[in-house]
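Please read the structure below before turning to the comments.
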Amino acid sequence: MAAGTADDATFVDADIALHTAVVAAAHNPVLDDLFAQFAPILREHLVALVGLLGLRSGDPNHGYDAHADLVEALRRGDAEDAGRVLAAELEATRSRLLAT
């Protein structure tokens, strides 16, 4: 939650660190390598989008609850719940982007 009080770049870095850990939890070296290659360009574009679209205005901890729910589902080993959490968060983000 500390990233919520930080600048957009630090917020995005924390988000990518979480997703890197989620990818690592899959224990799939191909997925690890793919994400490692993808992460730098993802970071660059997310930092720009977060600022440009004001995704954190009014909610500096944008996505925190969904991320916490995802981590909890993974901790329990509940792939179905993790999938539901991800689908709901993607839909919420998509809807917010379309509304801007």
Side-chain angles (χ1 to χ4, degrees):
M1 199 140 174
T5 61
D7 63 17
D8 289 343
T10 302
F11 179 82
V12 169
D13 287 342
D15 182 61
I16 289 177
L18 172 76
H19 288 280
T20 299
V22 169
V23 168
H27 304 290
N28 181 329
V30 174
L31 189 57
D32 287 342
D33 289 346
L34 180 63
F35 195 77
Q37 293 295 314
F38 180 70
I41 194 73
L42 175 65
R43 180 194 184 278
E44 178 182 329
H45 289 285
L46 283 177
V47 170
L49 279 173
V50 166
L52 180 67
L53 299 176
L55 290 178
R56 298 175 60 211
S57 63
D59 182 10
N61 290 305
H62 173 75
Y64 178 84
D65 290 337
H67 285 85
D69 291 345
L70 173 62
V71 169
E72 178 57 25
L74 293 172
R75 188 194 65 72
R76 289 190 323 268
D78 189 340
E80 287 185 29
D81 192 35
R84 281 190 293 273
V85 169
L86 286 173
E89 178 61 15
L90 287 171
E91 179 56 31
T93 300
R94 184 186 76 81
S95 294
R96 187 166 180 187
L97 288 171
L98 291 174
T100 59

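Residues take their numbers from the sequence shown, with the count starting at 1.
For the side-chain contact (heavy atoms from CB on, under 4.5 Å) with L46, the lone residue among D13, D15, D8 that qualifies is D15.
Considering NE2 of H19 and NE2 of H67, their distance stands at 3.0 Å, rounded to 0.5 Å. The line from OH of Y64 to CG of D69 is 10.0 Å long, rounded to the nearest 0.5 Å. To the nearest 0.5 Å, the span separating CG on D78 from CG on L70 amounts to 11.0 Å. One finds the CG atom of L74 at 7.5 Å from the CG atom of L86 (value rounded to the nearest 0.5 Å).
Between D81 and A73, the shortest heavy-atom distance links the atoms OD2-CB, 3.7 Å. Contact detail for F35 and I16: the closest heavy-atom pair is CE2-O, 4.2 Å. Of all heavy-atom pairs spanning E89 and A66, the tightest one is OE1-CB, 3.2 Å.
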For residues 22-33, dump all side-chain donor-acceptor pairs below 3.5 Å to protein atoms at least two apart in sequence or in another chain.
| from | atom 1 | to | atom 2 | distance (Å) |
| --- | --- | --- | --- | --- |
| H27 | NE2 | A25 | O | 3.4 |
| N28 | OD1 | V30 | N | 2.9 |
| N28 | OD1 | L31 | N | 3.1 |

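D7 and T10 form a side-chain donor-acceptor contact under 3.5 Å, judged by distance and modelled atom types alone.
By the criterion of side-chain heavy atoms lying less than 4.5 angstrom apart, applied directly or through intervening Ile, Leu, Val, Met, Phe, Trp or Tyr residues, V12 is grouped together with F38 in one hydrophobic cluster.
Around atom CD of E80, no more than 12 heavy atoms belonging to other residues, nucleotides or ligands sit under 6.0 Å away.
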